[in-house]
Amino acid sequence: MAGLFYKNCFVIGIIVLNFKAMVDFDYVLFDLETTGLSPTNSKIIQIAAIRMINGRCLDSDMFFSYVNPGCPIPPWITHFTGITNKHVNSAPTVQEVILQFSKFTGNSTLIAHNAHRFDMRFLEAVCTQSRLPIRVVPYHDSISLSWMLWGRQNHRHGLDAIVARLGIACDNYKRHDARGDVLLLAKAVEIMWKKLEHAGMPVRLPVYHGLLPRI
DNA sequence: GCTAGGCAGGAACCCCTCCTCCCCT
């Protein structure tokens with residue numbers, strides 16, 4: 001597929017598929033918890049992922065690890081996420097964890113919420129700052145599904161707003177913990193795709209390309 | 001009590017720059 005620039009996005013192509021075609025792909029949905037918002041100044045402290053095959057998320061096929069950030073976790077982040085220094089002190093380094101995450105991902109396409117502006121930038125920052133041997137992986141941003149369903153301008157598209165619109169009960173998910181968030185995201189993605197299918201809307205998801213350690 | 005960085009998109013203007021908002025932890 002030919003490469004192109006789309007409004008300064010690193011977009012390689014636009015996949016135009018219907019739902020039946022899309023479910024033939026394997027996806028890995030993932031979520032990060034970090035010590036802040038900036039990929040250059042903040043560190044990853046949790047990674048969780050779940051595999052989606054044939055349009056269904058496999059609860060039994062998950063990846064999870066704490067990450068030792070090599071620095072104290074700011075108190076407001078502990079307050080926000082519930083992740084303490086005790087959780088991460090004995091955890092593996094980020095280089096070790098994202099290598100394992102890369103192995104778990106395999107040849108699947110990644111999906112995360114706000115991936116293009118947040119999660120993938122953290123993974124790319126680790127790869128480049130650590131000078132790890134890298135590979136290019138395709139990914140989607142699940143925020144695109146929400147834009148398609150409800151329109152970009154008229155609604156909010158944060159994960160909380162989406163799950164509220166979908167009527168998903170959050171009680172069963174521990175928010176702001178990567179495991180809880182990725183399960184909630186998986187549920188939301190499953191429902192949004194089904195809604196698009198039932199509405200007969202063609203799924204046009206931008207395909208971005210990011211970096212993971214070479215496996 | 002402490003809460004940040006940067007993309008994307010729009011406006012204004014003429015293709016860059018500036019501004020504001022979203023969204024993530």
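It should be emphasised that the depicted structure is a prediction, and the values quoted were computed from it without experimental measurement.
Residue order along DNA chain B, read from the 5' end via each residue's closest nucleotide, puts A/R152 first among A/I77 and A/R152. Comparing A/P75 and A/D119, the nucleotide of DNA chain B nearest to each residue sits closer to the 5' end for A/P75.
Annotation: B/dC19 and B/dC2 have their C1' atoms spaced 28 Å apart (nearest Å). Remark: the separation of the P atoms in B/dG6 and B/dG10 is 22 Å, to the nearest Å. With both ends at atom C1', the span from B/dT3 to B/dC24 equals 13 Å, rounded to whole Å. To the nearest whole angstrom, the two C1' atoms, one in B/dC18 and one in B/dC13, are 12 Å apart. To the nearest whole angstrom, the two C1' atoms, one in B/dG9 and one in B/dC15, are 15 Å apart. Across B/dA11 and B/dC22, the matching P atoms stand 15 Å from one another, rounded to whole Å. Spacing between B/dA12 and B/dC16 at atom C1', rounded to whole Å, works out to 11 Å. Going from the C1' atom of B/dC21 to that of B/dC7 covers 11 Å, rounded to whole Å.
Checking B/dC24 for Watson-Crick or G-U wobble geometry (two distances, each under 3.5 Å) identifies B/dG5 as its partner. Using the Watson-Crick or G-U wobble rule with both distances under 3.5 Å, B/dC13 pairs with nothing in any strand shown.
At the heavy-atom level, A/D31 lies under 4.0 Å from the strands shown only through sugar-phosphate atoms. Among the heavy atoms of the strands, none lies under 4.0 Å from A/D160. A/L32 comes within 4.0 angstrom of sugar-phosphate atoms only, judged by non-hydrogen atoms across all strands, and of no base.
Atoms NE2 (A/H176) and P (B/dT3) sit 19 Å apart, rounded to a whole Å. Taking atom CH2 on A/W76 and atom C1' on B/dC24, their separation rounds to 16 Å, with Å as the unit. When rounded to the nearest whole Å, the span between OH of A/Y208 and P of B/dC24 equals 15 Å. Atom C1' of nucleotide B/dA8 and atom CZ of A/R121 are separated by 10 Å, given to the nearest angstrom. In this structure, A/H116 places its NE2 atom 15 Å from C1' of B/dG5, rounding to the nearest Å. A/K43 has its NZ atom 15 Å from the P atom of B/dG5, to the nearest Å. Distance, A/R175 CZ to B/dT25 P: 7 Å, rounded to whole Å.
The side chain to side chain contact (heavy atoms under 4.5 Å, CB included) with A/S146 is formed by just one residue from the set A/R152, A/H155, A/R165; it is A/R165.
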Set out, in order, the CA-CA distance, both residues' side-chain angles and the distance that settles salt bridge (charged side-chain N to carboxylate O under 4.0 Å, His left out) for A/R175 and A/D160, then state yes or no.
CA-CA 9 Å; A/R175 290 290 282 121; A/D160 285 322; 2.9 Å; yes
Between A/Q46 and A/H176, does a side chain to side chain contact (heavy atoms under 4.5 Å, CB included) hold up when you go through it step by step?
CA-CA 10 Å; A/Q46 250 191 352; A/H176 305 300; over 6 Å; no
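In this structure, A/R135 places its CZ atom where more than 12 heavy-atom neighbours from other residues, nucleotides or ligands lie under 6.0 Å away.
Summarising the hydrophobic clusters (Ile, Leu, Val, Met, Phe, Trp, Tyr; side-chain heavy atoms under 4.5 Å, direct or chained), the residues clustered with A/I143 are A/W147.
Scanning for ring-ring contact (aromatic ring centres under 6.0 Å, His included) contacts around A/F63 gives A/F101, A/F104, with sequence neighbours left out. Under the rule for a salt bridge (Lys or Arg N to Asp or Glu O under 4.0 Å), the partners of A/R179 that lie at least two apart in sequence or sit in another chain are A/D177.
Looking at A/L110 and A/P138, their side chains never come closer than 4.5 Å, going by heavy atoms from C-beta outward.
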A correct 5'-to-3' footprint of nucleotides 17-23 of chain B, with B, S and - meaning base, sugar-phosphate only and no protein heavy atom under 4.0 Å, is -----BB
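Ring orientation note: the planes of A/F118 and A/F122 are tilted relative to one another, at an angle of 30° to 60°.
Checked by atom type and distance alone, the side chain of A/E190 pairs as donor or acceptor with a backbone atom of A/C57 at under 3.5 Å.
Sorted by residue number, the members of residues 78-87 of chain A with any non-hydrogen atom under 4.0 Å from DNA chain B read A/F80, A/T81.
Among pairs with a residue in residues 68-79 of chain A, none fulfils side chain to side chain donor-acceptor pair (under 3.5 Å), at least two apart in sequence or across chains.
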